[in-house]
There are 2 protein chains.
Amino acid sequence: MEEQEPKMLEFRGKQYPCCASLTMGVIGGKWKTVILFHLMNNTLRYSELRKAMPTVTERTLSLQLKDLEEDGLISRTVYTPKPPLKVEYALTEFGKTLIPLIQAVAAWGDYAVSCA
Amino acid sequence: MEEQEPKMLEFRGKQYPCCASLTMGVIGGKWKTVILFHLMNNTLRYSELRKAMPTVTERTLSLQLKDLEEDGLISRTVYTPKPPLKVEYALTEFGKTLIPLIQAVAAWGDYAVSCA
DNA sequence: CAGTATCCTACCCGATACTG
DNA sequence: CAGTATCGGGTAGGATACTG
């Protein structure tokens, strides 16, 4: 008798009360959808992501990329054995299942701006 | 020369660096999509929302409903002049433009659970 | 180039009690 | 019934300096 309701959903060790909250738990936060949006059509290097998102700090970008990688949505590939490093980020096959959702998120943002 | 980049989007007084982040700013957070998900097909009273979301606190539910109302996504209608009150929440026409997005969010949550 | 390490702040959100 | 008031903790995220 620890849980209030038995209908919890689980994903990667976390519990969610609803399918919608699960999705938001994975792609929520201030920057994750922005990262996914930029990786939707392109594989990008770390520095390219920084240029695409000039208002995020290095620390935050790094942490969010790590989160997304741990959730299996993006892949991180290192191309150089020693510094200067070349690292590329790309959507995984699982991450690509989010593309329609990311597109809908982006489209609604544009729509809302056009209304206001 | 106050902004770093001139390409900021604005919605209801807030600035966003990208259309995707705007959407997440409006429907992000832990509970907003869950509320919208439950209001997607039904008009619901406050107490009905509470029953549908047993793990949210009254304070948080109240604050999130107010946020959604201020952003024009839901309407709040009071049916009684004095306590006990009857209040119903429903999506506005603008809020209904989010339905395909909410459905995609919910569908991906179900999909992710089925993968795990 | 691609990140960590440290430090710090804001605010989101929970718990509980009270009110029109 | 449908909320607010008050208090407080946890953590997401920012600023800056440093490293392989």
Side-chain angles (χ1 to χ4, degrees), chain A residues 2-5 13-18 21 24-35 38-39 43-71 74-90, chain B residues 3-5 14-18 21 24-35 38-39 43-71 74-90:
Chain A
E2 294 182 355
E3 306 298 340
Q4 303 188 18
E5 292 286 315
K14 292 182 183 175
Q15 303 285 132
Y16 301 93
C18 155
S21 67
M24 297 308 287
V26 175
I27 66 165
K30 193 169 174 180
W31 294 108
K32 285 181 182 173
T33 53
V34 182
I35 294 171
H38 288 299
L39 291 177
T43 293
L44 291 177
R45 299 181 60 169
Y46 180 81
S47 54
E48 294 174 316
L49 276 170
R50 292 219 61 205
K51 284 171 196 162
M53 304 163 59
T55 57
V56 72
T57 62
E58 296 189 7
R59 171 197 142 87
T60 298
L61 178 56
S62 182
L63 288 175
Q64 303 303 305
L65 286 169
K66 199 170 289 181
D67 267 9
L68 291 169
E69 191 188 356
E70 283 174 3
D71 281 339
I74 66 174
S75 63
R76 176 180 180 275
T77 310
V78 186
Y79 288 96
T80 48
K82 290 190 176 183
L85 295 181
K86 176 182 177 180
V87 179
E88 283 194 342
Y89 292 91
Chain B
E3 307 297 340
Q4 302 189 20
E5 292 286 317
K14 291 182 182 176
Q15 303 285 132
Y16 302 92
C18 154
S21 68
M24 298 307 287
V26 175
I27 67 166
K30 194 170 177 181
W31 294 110
K32 284 181 183 174
T33 54
V34 182
I35 295 171
H38 288 298
L39 291 178
T43 292
L44 292 177
R45 298 182 59 169
Y46 180 81
S47 55
E48 294 174 317
L49 275 170
R50 292 219 61 204
K51 284 172 196 161
M53 304 162 59
T55 56
V56 74
T57 63
E58 297 188 7
R59 172 196 142 87
T60 298
L61 178 55
S62 182
L63 288 174
Q64 303 303 305
L65 286 169
K66 197 169 292 182
D67 267 9
L68 292 170
E69 191 188 356
E70 283 174 4
D71 281 340
I74 66 174
S75 62
R76 177 180 180 274
T77 310
V78 186
Y79 289 96
T80 49
K82 290 190 177 184
L85 296 182
K86 176 180 177 181
V87 178
E88 283 195 342
Y89 291 91

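Bear in mind that the values here come from a model prediction, so they are computed numbers and not experimental data.
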On the nucleotide [N], are OP1 or OP2 found under 4.0 Å from the side-chain N or O atoms that [X] carries?
X	N	result
B:R50	D:dG3	no
A:Q64	D:dA12	no
A:S47	C:dA2	yes

Describe the nucleic acid contact of [X] in one word from base, sugar-phosphate, nothing, applying a heavy-atom distance below 4.0 Å.
X	value
A:K82	nothing
B:K66	sugar-phosphate
A:Y89	sugar-phosphate

Which pair of heavy atoms, one from [X] and one from [Y], lies closest together, and at what distance?
X	Y	result
A:L68	A:V26	CD2-O, 4.4 Å
A:M24	B:G28	CE-CA, 3.9 Å
B:G25	B:K32	O-NZ, 4.4 Å
A:R45	A:L85	NH2-O, 3.5 Å
B:K86	B:T80	N-OG1, 2.9 Å

Got a sec, which pairs hit salt bridge (Lys or Arg N to Asp or Glu O under 4.0 Å) with one end in residues 46-58 of chain B, sequence neighbours left out?
B:R50-B:E58
So do B:T55 and B:W31 actually touch side chain to side chain, heavy atoms under 4.5 Å?
yes
Sugar-phosphate atoms are those with a prime plus P, OP1 and OP2; base atoms are the rest. Using that split, label each nucleotide of nucleotides 14-20 of chain D B, S or - for protein heavy atoms under 4.0 Å, 5' to 3'.
BB----B
Using C1' atoms of five pairs at each end, report the bend of the helix from C:dC1-D:dG20 to C:dG20-D:dC1 rounded to 10 degrees.
60°
